[in-house]
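For reference, the structure discussed in these notes is given below.
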Amino acid sequence: MDVLLQLIVNGVIAGGNYALAAIGYTMVYGILKFINFAHGSVAMVGAYAAFVLATSALHVPMVPAFFLAVLFTAVLGVLIEKAAYKPLRYAPKLAPLTTAVAVSFVLDAAVMILVGTEIKTYAVPFEVYSIGPVFITSIQVIVIVASLVLMVGLHLLLSRTRLGKAIRAVADDLDLSEVAGINTNFTISAVFAIGSALAAASGILIGLDSNLQPTMGFLITVKAFAAVVLGGLGNVYGAIVGGFIIGLVENLGVWYIPPVWKNSIAFGILILGLLIRPTGLFGSKDNTGGVLQ
Amino acid sequence: MKGKRRFAWMTGMLMMGLLLVLSTAPAGAADPYTIGFVNHLTGDMGPYGQSLKKGVDLAVDQINAAGGVKGHPLKVIFEDDRGQAADAITAFTKLAEVDKVPVVLGSASSTVTLAICAKAQESKVVLVSSVSTAPSLKECGKYFFSMMVSDDAQGEEWVRVANHLKVKNVAVMFINNDYGNGVKNVFVKAFTAAGGKILIEQPFEDGGKDFRTEVLKVKQAKPEAVFIVDHTAEGAIVIKQAKELQLSVPFVTDVSMVAKETLEGAGAAAEGVMGVRAASPSGPVWEKFKADFNTKFKTEPTIWADFAFDTMMMVAKAIELGGYSADGIQQGMFKAGETYVGPSGTKKLNPHGIALGTFEWVVVKNGTWVTYQK
């Protein structure tokens, strides 16, 4: 029982990270209907931006460094969209998808060249708390709280603001919302800014919890992809639920089966889920997504 | 007519090819001796390859500044294998067949080295690995050398550490690849034979970041000590997460985790962790290497750079003693090993071409590895 509780806590920590990464991924799909395989690399760049700000000559204190890094990554996300995806907006969907893979290579290589291939750490000290039989560190508390706050914030943005309404409209029908007078270019930029900022947050939280590597983006992309498809492509709440399911099942699963299968678990759930419910848990029937459905 | 023209065209191409070959072939005494290098320069294991490259660069600088080998400067062709066996084989084949090098400095990962080792025997090119230590490498063939003591010896050294700590029921955590399994198997066999009990053999995977469930499983087994083998990146996270989950028993690491990278990765959680490493002359040889490394790269020596430095120095010596050919180098290596002392220790070789060596025990104190006082 004690072990089960600890496993669940561990699963929630992992799931929170996956969910944060999955949100931006699913929002881009919801709006532009293409799978942004560069998303994990954007998360990685966010994590490194914080590292560079905190450790380089700038010596920005850790907390402001995290916020600046999130901001920087949001801007980077918008620029990537303008440079790499916007020219391909009406091209076949395979074109932006392939471009996204290329973008991820460019980002990974740029970090390797600029910061180096060595493993980096934020070296933030942590304390261990025990709640009954469960152990949790101060960093993990931050991870869980931060991911919950960001998710609630996103929910409020989508449901209560004009921008949220515009995002939902564009996700529903890009051409029609343009006709209706919505500034679609601005809305798409906003989606990339929000998605990249959340990606940066997940990259930073993963970095806080373990370490930084230029190649860490790939694993984030893979896990977020599984979460997104499981939750229903294009659905924000589906992505969050999908992220937590994968985090939990992975952690519980490794208790019973050899860890060599750990990364296969994510895809195992994905395949099972799709067999039973091809549109994902929260996907719409025609699988066109929609950020809020 | 058409046939004739094609013939002329083909002859032309052949001539051009010949010209290319001739222009790259050695023509004078001052031509460089070319040496191949295959390692992980990018990818998950990129940091190790980059570090080894630094060691080789430093050695080449010093050799060439002193006039080269028998009057020939050394030139190293660096190839990246991205930590993948398939890429390594392509790179090795290119070095052996296009660049026609007689000797290749091999990859860090035992898995990758095992893959190219067979190729080295086949193409009769000497393969010298700096730090590959899988026990199965000794059966690979006469054109293979390793500059680091084999895992057989490492596993046996762990038994001595266990006896010293007076622990009888232990856990082993190992990275699930040829290297991790190699060290683990030797230790498990030797420790059980000596009357000890292995409570759990827990593998963990390359490239992961969340090992909490693995750590919990070990904790549930209630071991008196944990022996862990990895190449630093994951191992450091395991140590950190073990601390988080209050698995508070002594940890003993293998040779490759005794590095500053483990300390950076695990932070304060590394305090008190023990490890074994190849005994190195901490005296003037090491100090000079450290100073030279610092001058060139503006940093303390990175992981295994000393082994890579010694690999290059040994190969240079072997060329001097045996000549610039695969068989010459193959024989020269044993002779060179008789007397060589470098920053990573002595390099006397066993009949399989693998460095013998003695171990020392270290422990993390105030954030650095220091010699363990028995």
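Chain naming here is simple, since letters A, B, ... match the order of the sequence lines and numbering starts at 1 in each.
- By the 6.0 Å contact criterion, CZ on A/F67 is open, its count of non-hydrogen atoms from other residues, nucleotides or ligands being 12 or less.
- Heavy-atom distances place no part of A/I139 under 4.5 Å from chain B, backbone and side chain included.
- B/R212 and A/I13 get closest at one heavy-atom pair: NH1-CG2, 4.2 Å.
- Using a 4.5 Å cut-off between heavy atoms, A/L7 contacts chain B through both its backbone and its side chain.
- Interface remark: of the candidates B/K217, B/Q50, B/E214, B/K217 forms the most heavy-atom pairs closer than 4.5 Å to chain A.
- Minimum interatomic distance between B/A233 and A/N211 (heavy atoms only, all atoms of both residues): O-ND2, 3.8 Å.
- Put simply, the side chain of A/S210 never gets that close to the backbone of B/I237: no donor and acceptor are under 3.5 Å apart.
- In this structure, the separation between CG on A/L212 and NZ on B/K209 is 7.5 Å, given to the nearest 0.5 Å.
- Heavy-atom neighbours of B/F78 CZ from other residues, nucleotides or ligands within 6.0 Å: above the threshold of 12.
- In this structure, CG in A/D209 is found 6.0 Å from NZ in B/K240, a value given to the nearest 0.5 Å.
- Pairing each heavy atom of A/I119 with each of B/E264, the nearest pair is O-OE1, 4.4 Å.
- The residue among A/V124, A/V128, A/L219 with the most heavy atom pairs within less than 4.5 Å of chain B is A/V128.
- Taken from CG in A/N17 to CG in B/D210, the straight-line distance is 9.0 Å, to the nearest 0.5 Å.
- A pairwise comparison of heavy atoms in A/T117 and B/L41 identifies CG2-O, 4.2 Å as the closest pair.
- Looking at B/N176, only its side chain comes within 4.5 Å of chain A, counting heavy atoms on both sides.
- Heavy atoms closer than 4.5 Å to chain B are found nowhere in A/Y122, neither backbone nor side chain.
- Heavy-atom neighbours of A/F37 CZ from other residues, nucleotides or ligands within 6.0 Å: above the threshold of 12.
- For B/P203 against A/P259, the heavy-atom pair with the smallest separation is O-CG, 3.1 Å.
- Contact of A/Q140 with chain B is made through the side chain alone, with heavy-atom distances under 4.5 Å.
- Side-chain atoms of A/T215 never come within 3.5 Å of backbone atoms of B/G43 as a donor-acceptor pair (strictly under, hydrogens ignored).
- Counted within 6.0 Å of NZ on B/K189, heavy atoms from surrounding residues, nucleotides or ligands total 12 or fewer; the atom is thus considered open.
- Contact count versus chain B (heavy atoms, under 4.5 Å) is highest, among A/E127, A/M112, A/Q6, for A/Q6.
- Rounding to the nearest 0.5 Å gives a distance of 10.5 Å between CG of A/D108 and OG1 of B/T42.
- Open room surrounds NZ on B/K365; 12 or fewer heavy atoms of other groups in view lie less than 6.0 Å from it.
- B/T213 and A/W255 make their closest contact through CG2-N, 3.4 Å (heavy atoms, listed as atom of the first residue, atom of the second, distance).
- For the side-chain contact (heavy atoms from CB on, under 4.5 Å) criterion with B/E244, the lone passing option out of A/T137, A/I136, A/N10 is A/T137.
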